[in-house]
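Here the structure comes first, spelled out in structure tokens, and everything after it is commentary.
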Number of protein chains: 2
Amino acid sequence: MPNNQFKRGELYSVINGMASTAVARRLQKNFRQSGLEITIEQWSVLYHLWKEDCLSQQELCNRTFRDKPSITRLIDNLEKQKLVKRMPSKSDRRINLVCLTDAAKELQDRTIDLANQTMNEALVGVNKEEIELVKLVFQRVYDNLT
Amino acid sequence: MPNNQFKRGELYSVINGMASTAVARRLQKNFRQSGLEITIEQWSVLYHLWKEDCLSQQELCNRTFRDKPSITRLIDNLEKQKLVKRMPSKSDRRINLVCLTDAAKELQDRTIDLANQTMNEALVGVNKEEIELVKLVFQRVYDNLT
DNA sequence: GGCATATAGTTAGTTATGCAACTAATTTCA
DNA sequence: TGAAATTAGTTGCATAACTAACTATATGCC
């Protein structure tokens with residue numbers, strides 16, 4: 001066995017504990033300070049709907065890397081806040097299409113700006129090539145495990 | 001404003017949703033299949049105690065990147081499972097030292113092997129230099145935000 | 001010495017996650 | 001055509017996350 005085993009084990013705690021948590025916390029804090037009452041998880045659902053509205057819950061699972069119960073409850077909460085609405089699909093009666101309300105559409109510009117601003121803060125001293133490499137590594141890790 | 005803004009926003013969902021979740025899920029699954037009844041979060045606390053036993057809860061917060069209430073409850077659950085024990089510090093009566101039990105010490109080898117094995121699966125096609133760069137980028141992101 | 005401040009840890013409330021078991025609609029294929 | 005298998009979504013249960021408010025101990029400083 002190679003002697004880099006420990007370093008690999010170490011990477012787990014780096015990946016899972018640190019940067020992603022720090023980014024999520026900061027973004028959540030920025031939302032709160034701007035008077036936005038949404039959680040970072042709810043935002044990540046809206047983010048995908050802004051790119052393409054009226055997705056099925058299953059499609060949201062795929063795009064946000066969450067399981068079905070998580071999406072069910074995120075949509076429940078977003079519906080309570082009147083940010084999305086479940087619409088029955090006409091072609092397949094099992095499917096709920098999740099569609100944005102006008103209120104959600106108004107959130108888009110404000111939150112995307114905050115997110116970009118947060119990522120700019122987070123990525124000071126990190127160049128484009130490094131970002132691309134991180135994304136590539138993560139894609140490979142994801143593909144290896146799924 | 002540079003035109004790589006969108007890419008930076010994009011990175012958030014990559015970082016936060018994908019690889020870290022996939023690794024954690026796989027490791028949790030491997031624990032379960034080996035008959036280990038611990039969660040991945042509990043393991044990450046034990047992991048730091050194996051490196052240095054009898055840390056304060058605050059020190060565990062720092063090392064695992066969790067907040068105090070999270071550590072309080074993780075330690076509660078680990079104590080219920082008789083894997084750690086809270087010991088009052090002699091020098092400072094505010095402090096609980098969290099110490100491993102013999103049962104926890106026996107878990108170490110089995111789980112570290114599983115973790116290394118999981119990371120080896122996860123990191124197929126990723127070389128040492130790429131791993132080092134990812135760690136460096138994450139450290140920088142963390143430092144930028146804290 | 002004694003008051004203000006800081007630090008360690010706990011508790012309460014809300015949201016989110018993972019898993020397993022469930023219902024309902026759809027597809028497959030003999 | 002119709003039974004079996006698949007797919008979309010929900011519900012229940014346990015654990016974990018963040019915030020805010022709390023108690024208790026320790027430190028700083030006049």
Side-chain angles (χ1 to χ4, degrees), chain A residues 16-18 20-33 36-45 54-81 83-84 86-98 146, chain B residues 16-18 20-33 36-45 54-62 64-81 83-84 86-98:
Chain A
N16 214 40
M18 201 171 85
S20 62
T21 307
V23 172
R25 269 186 212 156
R26 173 62 61 95
L27 191 46
Q28 178 75 72
K29 191 175 153 195
N30 286 348
F31 284 162
R32 231 184 6 261
Q33 287 181 347
L36 297 173
E37 299 272 318
I38 56 173
T39 67
I40 189 70
E41 292 83 7
Q42 291 171 355
W43 179 79
S44 83
V45 170
C54 296
L55 298 170
S56 70
Q57 294 189 199
Q58 182 56 55
E59 190 53 37
L60 283 170
C61 293
N62 300 339
R63 300 197 188 188
T64 62
F65 307 102
R66 292 187 161 81
D67 66 357
K68 291 191 293 179
S70 296
I71 288 296
T72 292
R73 277 147 193 158
L74 279 171
I75 302 300
D76 286 348
N77 284 332
L78 284 168
E79 225 173 13
K80 265 188 235 157
Q81 297 179 256
L83 292 171
V84 304
R86 283 179 170 95
M87 310 285 215
S89 162
K90 284 169 188 169
S91 58
D92 185 336
R93 289 193 303 165
R94 292 171 305 181
I95 291 178
N96 288 336
L97 294 176
V98 180
T146 47
Chain B
N16 215 39
M18 202 170 83
S20 62
T21 307
V23 172
R25 268 187 214 157
R26 173 61 61 95
L27 191 45
Q28 178 76 73
K29 191 175 152 193
N30 286 349
F31 285 162
R32 231 184 7 261
Q33 287 182 346
L36 297 172
E37 299 273 318
I38 56 173
T39 66
I40 188 70
E41 292 82 6
Q42 292 171 355
W43 180 78
S44 84
V45 170
C54 295
L55 298 171
S56 70
Q57 295 189 198
Q58 182 57 54
E59 190 53 37
L60 283 171
C61 292
N62 300 339
T64 62
F65 308 103
R66 293 187 159 81
D67 65 358
K68 290 192 293 179
S70 297
I71 288 296
T72 293
R73 273 150 195 156
L74 279 172
I75 303 300
D76 286 348
N77 284 331
L78 284 168
E79 226 173 13
K80 264 188 235 160
Q81 298 179 255
L83 291 171
V84 304
R86 282 178 170 95
M87 310 285 216
S89 162
K90 285 169 186 168
S91 59
D92 185 335
R93 290 194 303 165
R94 293 170 304 179
I95 291 179
N96 289 334
L97 295 176
V98 180

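So that the names make sense, note that chain A is the first sequence line, chain B the second, and so on, each numbered from 1.
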Next item on the list: Would you mind reading off the distance between A:Arg26 atom CZ and D:dC18 atom P, rounded to a whole angstrom?
Entry: 14 Å
Note to self: As a test of reading the structure: which of C:dA8, C:dA16, C:dT10 is closest to the side chain of A:Asn77, going by heavy atoms?
What the structure shows: C:dA16
Item checked: B:Asn96 CG to B:Leu55 CG distance, which is reported to the nearest 0.5 Å -> 12.5 Å
Note to self: I'd like to know if A:Asp67 and A:Arg73 make a salt bridge, using a cut-off of under 4.0 Å between side-chain N and carboxylate O.
What the structure shows: no
Next item on the list: Would you name the heavy atoms of A:Ile40 and A:Phe31 that are closest together and state the gap between them?
Entry: CD1-CE1, 4.1 Å
Next item on the list: Scan A:Asn96 against the nucleic acid and name what it touches under 4.0 Å (heavy atoms): base, sugar-phosphate only, or nothing.
Entry: sugar-phosphate
Next item on the list: Quick one: closest heavy-atom pair of B:Thr72 and B:Gln57, and the distance?
Entry: OG1-NE2, 3.6 Å
Item checked: Rounded interatomic separation in angstrom, taking CD1 from A:Ile38 and C1' from C:dT15 -> 14 Å
Next item on the list: Considering just the side-chain nitrogens and oxygens of A:Ser56, establish if one lies under 4.0 Å of OP1 or OP2 belonging to D:dA8.
Entry: no
Check: Start at the 5' end of DNA chain D and walk down; is the nucleotide closest to B:Lys80 or to A:Lys29 reached first?
Finding: B:Lys80
Note to self: It should be established whether B:Thr72 places a side-chain nitrogen or oxygen under 4.0 Å from OP1 or OP2 of nucleotide C:dG9.
What the structure shows: no
Item checked: Length of the line joining B:Asn62:CG and C:dT7:P, which is rounded to integer Å -> 12 Å
Margin query: Taking only side-chain N and O atoms of B:Thr39, does any of them lie within less than 4.0 angstrom of OP1 or OP2 on D:dT15?
Written below: no
Check: From B:Gln58 CD over to B:Ile71 CD1, what is the distance, rounded to the nearest 0.5 angstrom?
Finding: 9.5 Å
Next item on the list: Mind calculating the distance between CG (A:Leu60) and C1' (D:dA8) to the nearest angstrom?
Entry: 13 Å
Notebook entry, point to check: Using a cut-off of less than 4.0 Å, is there contact between a side-chain N or O of B:Arg73 and OP1 or OP2 of D:dA17?
Noted result: no
Next item on the list: Would you kindly give the CD1-to-C1' distance between A:Ile40 and D:dC18, to the nearest whole Å?
Entry: 12 Å
Next item on the list: Among the candidates D:dT19, C:dG9, C:dT17, find the nucleotide nearest to the side-chain atoms of B:Gln58.
Entry: C:dG9
Margin query: Can you tell me which nucleotide in C:dA16, D:dT19, D:dA16 comes closest to the side chain of B:Asp67?
Written below: D:dT19
Item checked: Residue B:Lys68, side-chain atoms from C-beta onward, closest of D:dC18, C:dA8, D:dT10 -> C:dA8
Margin query: Taking only side-chain N and O atoms of A:Gln57, does any of them lie within less than 4.0 angstrom of OP1 or OP2 on D:dT10?
Written below: yes
Next item on the list: Could you tell me the separation between the CG atom of B:Leu55 and the P atom of C:dA8, rounded to a whole number of Å?
Entry: 13 Å
Check: With a non-hydrogen cut-off below 4.0 angstrom, is A:Gln28 in contact with a base, only sugar-phosphate, or nothing?
Finding: nothing
Next item on the list: Pick base, sugar-phosphate or nothing for A:Ile71, based on heavy-atom distances below 4.0 Å to the nucleic acid.
Entry: nothing
Checklist line | Atom pair distance, as rounded to whole Å: CG in B:Leu97 and P in C:dA8 | finding: 12 Å
Notebook entry, point to check: Just checking A:Arg93: base, sugar-phosphate only, or nothing, at a heavy-atom cut-off of under 4.0 Å?
Noted result: sugar-phosphate
Note to self: I need the CD-P distance between B:Gln42 and C:dT17, as an integer number of Å.
What the structure shows: 19 Å
Check: Between the side-chain atoms of A:Arg94 and the base atoms of C:dT26, is any donor-acceptor pair under 3.5 Å?
Finding: no
Next item on the list: Drop me the distance from B:Ser56's OG to B:Asn62's CG, to the nearest 0.5 angstrom.
Entry: 7.5 Å
Notebook entry, point to check: Among the nucleotides C:dA25, C:dG18, D:dT10, which one has an atom lying closest to any side-chain atom of A:Asp92?
Noted result: C:dA25
